[in-house]
Enquirer: 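For reference, the structure I am asking about is given below.
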Amino acid sequence: MKILKTQTLYGPNFWSINHPHLIVLQLELEDHERRLSNEMSDFCDQLVKVLPGLREHHGSRGCRGGFLQQMQEGISIAKIIQHVALELQNLAGMPVDFGRIRLAATPGICRVVFEYQNPEAGRYAGRGAVRICQSLMNRGYYPQAELEIDLEDLQEIKAEDSLGPTTEAIINEAQKRGIPWQELPVRHVVQLGYGKYQRRIQTAQTDQTNILGIEFAGDKQATKILLEAASLPTPLGEVIYYFDELEEAIDQVGGFPIVIKPLDGNHGRGITLNINSWQDAENAYDVAKEESKAGGILVERYYRGKDYRVLVINGKVEAVAERVPAHVTGDGHLTIEELIEDINRHPSRGSGHENILTRIEIDRHTDDVLATQGYDLDSILEEDEICYLKATANLSTGGIAIDSTDIIHPETVWMAERAAQIIGLDIAGIDITCTDISRPLREVDGVIIEVNAAPGLRMHLQPSQGKPRNVTAPILEMLYPPGVPYRVPIIAVTGTNGKTTTTRLIAHIFKQTKQVIGYTTTDGTYIGDFLLESGDNTGRQSAQLILNDPTIEVAVLETARGGILRSGLGFNRCDVGVVLNVAADHLGLEDINTLEDMAQVKTVVAEATDDNGYAVLNADDPLVANMAKWVKGKVAYFSMNPHNEIVKEHLRKGGIAAIYDGGFLTFCNGQDTLQVEQMVNVPSTLRGLVSFMIANVLAASLAAYVQGVSIENISTGLRTFQASLEHTPGRMNLIELGKFHVLIDYAHNPAGYQAIGEFVCQWSEGERIGVIGGPGDRRDQDLKELGRLSTQMFDWVIIKEDDHTRDRPRGDAARLIREGICQEKPQFNYQEIWDETEAIQTALAEASEGSLVVIFPESVKRVIALLK
Ligand code: ATP
Ligand code: ATP
Ligand code: MG
Ligand code: MG
């Protein structure tokens with residue numbers, strides 16, 4: 001058994017629209033192909049011994065234990081690998097459950113597909129699953145120690161890529177709301193949404209968090225001055241820079257007990273609480289000095305009481321938590337050290353912020369804190385006696401949180417909300433010390449100790465006691481208030497032929513609305529009139545390039561089969577999904593062997609249209625029209641035939657369609673019709689002569705129409721879009737060269753040849769000459785078909801080869817085309833000149849008066865240079 005290829009999908013894909021994150025393993029099963037699980041003695045029992053969690057898997061039965069039953073009755077090893085890969089991730093703390101398998105046309109090869117949370121962990125789990133199953137089949141066991149290493153590795157990968165609990169919680173909430181997100185390649189910043197509606201967050205800090213607010217919050221003295229000036233209660237305190245100022249400062253705050261801390265500290269570093277002697281104050285001064293970057297030291301009166309964190313989001317208190325420093329509770333037997341070990345073993349404790357709670361570390365502070373209570377690590381506490389291990393209540397040093405949202409006094413709510421605004425933070429963590437949060441601060445000697453920017457959300461989301469508060473919801477509601485979109489309109493265009501042309505035409509129509517249009521095509525990625533990157537940009541990365549751009553107001557994305565199969569769509573949903581046609585091209589690649597398979601690939605675009613969006617489908621192509629049943633949003637059809645039955649039925653039900661009727665582009669909305677433009681006025685159709693271009697025009701206009709573009713703008717767009725070398729290089733570029741015409745077109749598959757043929761056959765001024773060829777990676781039968789079709793549209797042809805033969809021996813594609821010609825018309829007049837330049841030159845030299853020389857080039861740039 002061997003993994004031949006591993007693919008990672010990131011967007012809606014061939015396998016699933018709702019499970020965008022999938023690993024696809026291409027497996028060579030060798031002699032295991034036909035072996036079923038029940039025929040391998042002991043295999044199932046051993047497997048369940050290694051991974052008991054498999055008992056819980058549903059399998060296709062859809063009930064607990066369903067998978068186990070299936071395994072006992074007999075299923076393929078591929079299906080088992082899928083479940084093992086899922087289970088490994090589950091065990092490593094990454095719950096996933098979606099998977100599929102599919103046999104390839106080649107015997108012994110299959111695809112195993114399963115969900116991941118972390119792509120690297122997913123790939124690892126795939127390899128692990130194969131390893132485990134192989135070991136069980138060959139050796140009859142898989143050592144527990146190895147499984148433990150696998151799980152540790154997986155957990156490590158997870159931890160390394162972790163964005164932290166706060167960011168991850170916000171992302172989860174975004175995902176729930178259908179808001180797309182992605183990590184930017186810098187500083188763990190996460191982008192939400194697309195185009196001009198994108199927002200950014202970095203933990204609980206947003207792109208609108210005021211920089212001055214962050215600075216004030218980071219400077220404890222500035223915070224106090226601002227709050228004090230607004231009559232909010234703050235600790236009595238003095239700032240000093242030199243040791244000889246300490247004594248006076250202590251007097252100023254009313255003597256012991258005091259607190260000493262660095263002015264610019266955080267996470268409780270360098271802070272000493274409840275200082276009661278000059279000796280301790282001296283030590284505390286040194287500790288604080290060491291931690292302080294700027295050298296400022298804050299001496300404060302020590303306020304007794306509990307520690308509360310009040311979370312204010314967008315001007316409102318959303319949660320309150322009491323924070324209790326790390327502590328242990330005695331049982332009369334265990335030492336403090338043993339009690340700590342006991343607590344740290346609890347599954348909710350992890351290192352740093354990786355888990356709900358953090359493990360308690362024993363350090364110098366712990367010894368000090370124990371000493372003030374008269375204990376050391378070996379002391380044994382009485383039953384129920386509480387002993388604190390840290391001076392401050394930070395979760396990151398092992399503290400716990402108790403939700404107190406429901407008991408905070410309304411006046412304190414009002415104060416906290418004011419404090420957040422005074423400091424200037426959209427998300428603020430206000431630290432309050434008082435003996436009882438349910439009473440007004442003034443009655444319980446309460447003070448605002450400080451205000452924190454980017455407060456941690458862990459303590460509110462998963463408090464150790466009390467009600468969890470989903471504080472990520474108000475954050476998202478602040479970033480995207482009701483009615484504010486999170487993505488720009490996305491129009492995705494797929495099909496076998498005409499994608500680039502239609503994409504460009506849609507972009508051109510939208511340009512009439514004066515918005516900033518980003519679009520990607522096989523020729524390059526553009527924003528407005530400017531080229532961002534040239535090249536075949538029809539996959540996920542180029543889509544993301546456009547969608548990540550903050551200037552974009554509308555995105556039009558050519559979406560090709562290759563990209564869909566390789567990595568899934570580059571967006572989670574589109575507003576308009578256009579499917580032009582499905583014809584024979586690229587068959588036999590990546591195990592897509594039939595037109596029906598290919599239709600299924602392209603259906604992904606139709607299926608990924610938003611519930612409120614439109615799939616624009618070709619009613620004349622049964623494979624495309626049939627996609628309607630997968631569309632969750634609405635369907636709009638286009639058709640060259642005003643009597644198309646599907647369209648008629650659709651209109652009867654009140655649907656929308658675009659048809660070509662009596663020389664006009666006509667929009668139908670239920671029984672209402674509107675003539676939009678006469679095709680003779682649309683230059684890209686060569687005054688209505690090129691029917692495939694008319695079809696593209698219908699599709700493009702309809703896509704714009706369902707997105708609300710005005711008829712006037714659509715009409716202007718159509719009239720001003722030229723099939724010129726500049727607008728659509730390589731697509732129906734008809735050029736007059738004195739005594740004859742040249743037509744340059746990228747047609748490279750039978751449907752493309754046929755489409756062009758329709759126009760060529762109408763040429764009556766002279767000879768029809770073809771310079772023909774085809775891409776080397778297509779099936780033999782497709783190349784032969786190109787030859788056959790050429791005999792029907794041309795008087796004579798020159799067969800040429802591409803420079804890049806795509807793994808075929810040089811001359812092989814030409815040979816197949818030649819065979820196609822000879823089979824169809826043995827007497828047909830052809831020459832074979834492999835070099836494209838030479839072939840074109842010959843054709844131009846031999847072209848007679850009035851003739852039409854049709855060139856299907858590999859490189860349009862080269863032809864243009866040649867013609868010049
Ligand atoms: P963090 O990053 O955890 O907020 P920090 O380094 O910013 O810590 P402070 O917030 O100033 O430090 O203090 C940490 C904790 O120490 C407070 O939450 C509070 O419990 C306690 N504390 C600080 N100053 C005082 C004070 N004057 N009186 C009583 N307790 C105090
Ligand atoms: P590719 O897969 O190479 O990116 P594409 O789908 O983007 O192709 P275009 O570049 O727009 O297609 O057009 C390529 C050729 O396909 C055109 O030059 C024309 O010959 C033919 N073609 C364009 N539109 C259609 C159509 N609607 N039906 C059939 N053939 C078409
Ligand atoms: Mg603090
Ligand atoms: Mg294209």
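Just so you know, ligand 1 is whichever comes first in the structure, and atom 1 is the first atom listed for that ligand. Keep in mind that this is a model prediction, so the values were computed, not measured.
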Enquirer: Can you name the atoms of ligand 1, numbered from 1 with element, that are less than 4.0 Å from a heavy atom of Glu300?
Expert: 24 (N), 25 (C), 26 (C), 27 (N)
Enquirer: With a 4.0 Å cut-off on heavy atoms, is Arg504 touching ligand 2?
Expert: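 Not so, Arg504 does not reach ligand 2.
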Enquirer: Any non-hydrogen atom of His748 lying under 4.0 Å from ligand 2?
Expert: yes
Enquirer: Quick check on contacts: which atoms of ligand 2 are under 4.0 angstrom from a heavy atom of Ala755?
Expert: 29 (C), 30 (N)
Enquirer: Can you name the side-chain hydrogen bond (donor to acceptor under 3.5 Å, both in side chains) partners of Asp403, sequence neighbours left out?
Expert: Thr405, Arg469
Enquirer: With heavy atoms of Asn452 as the reference, note each atom of ligand 1 found under 4.0 Å away.
Expert: 4 (O)
Enquirer: For atom 14 (C) of ligand 2, find the nearest protein heavy atom and state the residue, atom name and distance (0.1 Å precision).
Expert: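 Going atom by atom, the protein heavy atom closest to atom 14 (C) of ligand 2 ends up being Tyr746 CB, 4.1 Å.
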Enquirer: Evaluate Arg323 against Asp431 for salt bridge (charged side-chain N to carboxylate O under 4.0 Å, His left out), listing each step before the verdict.
Expert: CA-CA 10 Å; Arg323 298 190 296 167; Asp431 286 344; 3.5 Å; yes
Enquirer: What's the spacing between Leu298 CG and Lys261 NZ if we round to 0.5 Å?
Expert: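 Spacing of CG (Leu298) from NZ (Lys261) equals 6.0 Å.
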Enquirer: Measure the distance from atom 11 (O) of ligand 2 to every protein heavy atom, then report the residue, atom name and distance (to 0.1 Å) of the closest one.
Expert: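 Checking every protein heavy atom, the shortest distance to atom 11 (O) of ligand 2 gives Thr501 OG1, 2.4 Å.
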Enquirer: Going by the order shown, which atoms of ligand 1 are within less than 4.0 Å of some heavy atom of Val259?
Expert: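 Listed by number with element, the hits are 24 (N), 25 (C), 26 (C), 27 (N), 28 (N).
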Enquirer: Taking the side chain as every heavy atom from C-beta outward, state whether Leu595 and Asp597 have any atom pair closer than 4.5 Å.
Expert: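 They are not in contact (no side-chain heavy atoms under 4.5 Å apart), so the answer is no.
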Enquirer: Nearest protein heavy atom to atom 16 (O) of ligand 2, by residue and atom, and its distance?
Expert: Asn497 OD1, 3.7 Å
Enquirer: Give a yes/no verdict on whether any heavy atom in Gly730 is under 4.0 Å from an atom of ligand 2.
Expert: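 Contact check Gly730 vs ligand 2: positive.
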Enquirer: With a cut-off of 2.8 Å, which protein N/O/S atoms are close to the Mg ion (ligand 4), if we only count those under it?
Expert: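 Per the 2.8 Å query on the Mg ion (ligand 4), atoms found are Thr500 OG1, Thr522 OG1, Glu558 OE2.
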Enquirer: Is a salt bridge present between Asp368 and Arg364, judged by a nitrogen-to-oxygen distance below 4.0 Å?
Expert: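 Here Asp368 pairs with Arg364 in a salt bridge, since their nearest N and O are under 4.0 Å apart.
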Enquirer: Identify, by atom number and element, the atoms of ligand 1 in contact range of Arg323, meaning under 4.0 Å from any of its heavy atoms.
Expert: 18 (O)
Enquirer: With a 4.0 Å cut-off, would you call Asp264 and Arg269 a salt bridge?
Expert: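 Salt bridge absent between Asp264 and Arg269.
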Enquirer: Check this for me, if you would: do Asp523 and Arg731 make a salt bridge, where the nitrogen-to-carboxylate-oxygen distance has to be below 4.0 angstrom?
Expert: yes
Enquirer: Checking a contact table here: which protein heavy atom is nearest atom 25 (C) of ligand 2, and how many Å away?
Expert: Phe692 CD1, 3.3 Å
Enquirer: Considering only NZ, NE, NH1 and NH2 on the basic side and carboxylate oxygens on the acidic side, decide whether Arg779 and Asp777 come within less than 4.0 Å.
Expert: no
Enquirer: Counting only heavy atoms not in Gln541 (residues, nucleotides, ligands), do more than 12 fall under 6.0 Å from its CD?
Expert: no
Enquirer: Above 12 or not: heavy atoms from other molecules or residues under 6.0 Å from CZ of Arg862?
Expert: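 Yes, CZ of Arg862 has more than 12 neighbouring heavy atoms, counting only those of other groups under 6.0 Å.
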Enquirer: Do you know which two heavy atoms are closest between Pro325 and Ala391, and how far apart they sit?
Expert: CG-O, 4.1 Å
Enquirer: Counting only heavy atoms from other residues, nucleotides and ligands, does the tally under 6.0 Å from CZ of Arg566 exceed 12?
Expert: no
Enquirer: Provide the number and element of each atom of ligand 2 under 4.0 Å from a heavy atom of Thr522.
Expert: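 Those atoms are 4 (O), 7 (O).
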Enquirer: Using a strict 4.0 Å cut-off to heavy atoms of Leu273, name the atoms of ligand 1 that fall inside it.
Expert: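 Near Leu273, meaning under 4.0 Å from one of its heavy atoms, ligand 1 has 16 (O), 21 (C), 22 (N), 23 (C), 31 (C).
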Enquirer: For the residue pair Tyr526 and Tyr519, categorise the inter-ring angle as parallel (less than 30°), tilted (30 to 60°) or perpendicular (more than 60°).
Expert: parallel
Enquirer: Report yes if the side chains of Ile491 and Ile506 come closer than 4.5 Å at any heavy-atom pair, otherwise no.
Expert: yes
Enquirer: Are any non-hydrogen side-chain atoms of Lys306 and Thr433 less than 4.5 angstrom apart?
Expert: no
Enquirer: List the steps and the verdict of side-chain hydrogen bond (donor to acceptor under 3.5 Å, both in side chains) for Asn641 and Ser639.
Expert: CA-CA 5 Å; Asn641 171 12; Ser639 169; 5.2 Å; no
Enquirer: Are the side chains of Ser701 and Leu718 in contact, using a 4.5 Å heavy-atom criterion?
Expert: yes
Enquirer: Considering only heavy atoms, does Glu558 approach ligand 2 within less than 4.0 Å through its side chain, its backbone, both, or neither?
Expert: side chain
Enquirer: Does an N or O from Asp307, backbone or side chain, lie closer than 3.5 Å to an N or O of ligand 1?
Expert: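 Yes; the residue has a nitrogen or oxygen that sits under 3.5 Å from a nitrogen or oxygen of the ligand.
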Enquirer: Does the N or O separation between Gly498 and ligand 2 drop below 3.5 Å for any pair?
Expert: yes
Enquirer: Within a distance under 4.0 Å of any heavy atom of Thr392, pick out the atoms of ligand 1 and give their elements.
Expert: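 Contacts of ligand 1 toward Thr392, numbered from 1: 15 (C), 16 (O).
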Enquirer: Going by the order shown, which atoms of ligand 2 are within less than 4.0 Å of some heavy atom of Asn581?
Expert: 26 (C), 27 (N), 28 (N)
Enquirer: Of the backbone atoms (N, CA, C, O) and the side-chain heavy atoms from C-beta on, which set of Ile271 has a member under 4.0 Å from an atom of ligand 1: side chain, backbone, both, or neither?
Expert: side chain
Enquirer: Out of all atoms in ligand 1, which are within 4.0 Å of some heavy atom of Lys261? Include the element for each.
Expert: 9 (P), 11 (O), 23 (C), 24 (N)
Enquirer: Looking at every heavy atom in both Lys224 and Glu300, which two are closest together, and how far apart are they?
Expert: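 Heavy atoms of Lys224 and Glu300 come nearest at NZ-OE2, 3.0 Å.
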Enquirer: When you measure from atom 1 (P) of ligand 2 to every protein heavy atom, which one gives the shortest distance, and what is it?
Expert: Lys499 NZ, 3.8 Å
Enquirer: Report yes if the side chains of Ile297 and Leu263 come closer than 4.5 Å at any heavy-atom pair, otherwise no.
Expert: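 Heavy-atom side-chain distance check fails, nothing below 4.5 Å.
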Enquirer: In terms of atom number and element, which parts of ligand 1 are under 4.0 angstrom from non-hydrogen atoms of Asp431?
Expert: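 Those of ligand 1 that fall under 4.0 Å from Asp431 are 4 (O), 10 (O).
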Enquirer: Identify the closest protein heavy atom to atom 24 (N) of ligand 2: which residue and atom is it, and at what distance?
Expert: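 Heavy-atom neighbour on the protein nearest atom 24 (N) of ligand 2: Asn696 ND2, 2.9 Å.
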Enquirer: side-chain contact (heavy atoms from CB on, under 4.5 Å), that's the test. Do Thr272 and Ile275 meet it? Break it down for me.
Expert: CA-CA 7 Å; Thr272 310; Ile275 301 166; 3.8 Å; yes
Enquirer: Relative to ligand 2, is Ile756 under 4.0 angstrom through side chain, backbone, both or neither, heavy atoms considered?
Expert: side chain
Enquirer: Just wondering, more than 12 heavy atoms not from Glu361 lying within 6.0 Å of its CD?
Expert: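 No, because the 6.0 Å sphere around CD of Glu361 holds 12 heavy atoms or fewer from other groups.
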Enquirer: With the threshold set at under 4.0 angstrom, would you say Thr496 reaches ligand 2 through any of its heavy atoms?
Expert: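 In this structure, Thr496 qualifies as a contact of ligand 2 - some heavy atom is under 4.0 Å.
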Enquirer: Has Leu580 got any heavy atom lying under 4.0 angstrom from an atom of ligand 2?
Expert: no
Enquirer: Looking only at heavy atoms of Lys220, does any of them come nearer than 4.0 Å to an atom of ligand 1?
Expert: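 So Lys220 counts as touching ligand 1.
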Enquirer: List the closest protein heavy-atom neighbour of atom 17 (C) of ligand 2: residue, atom name, distance to the nearest 0.1 Å.
Expert: Asp745 OD1, 3.2 Å
Enquirer: Looking only at protein heavy atoms, which one is nearest to atom 10 (O) of ligand 2, and how far off is it?
Expert: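 The protein heavy atom lying closest is Arg731 NE, 2.5 Å.
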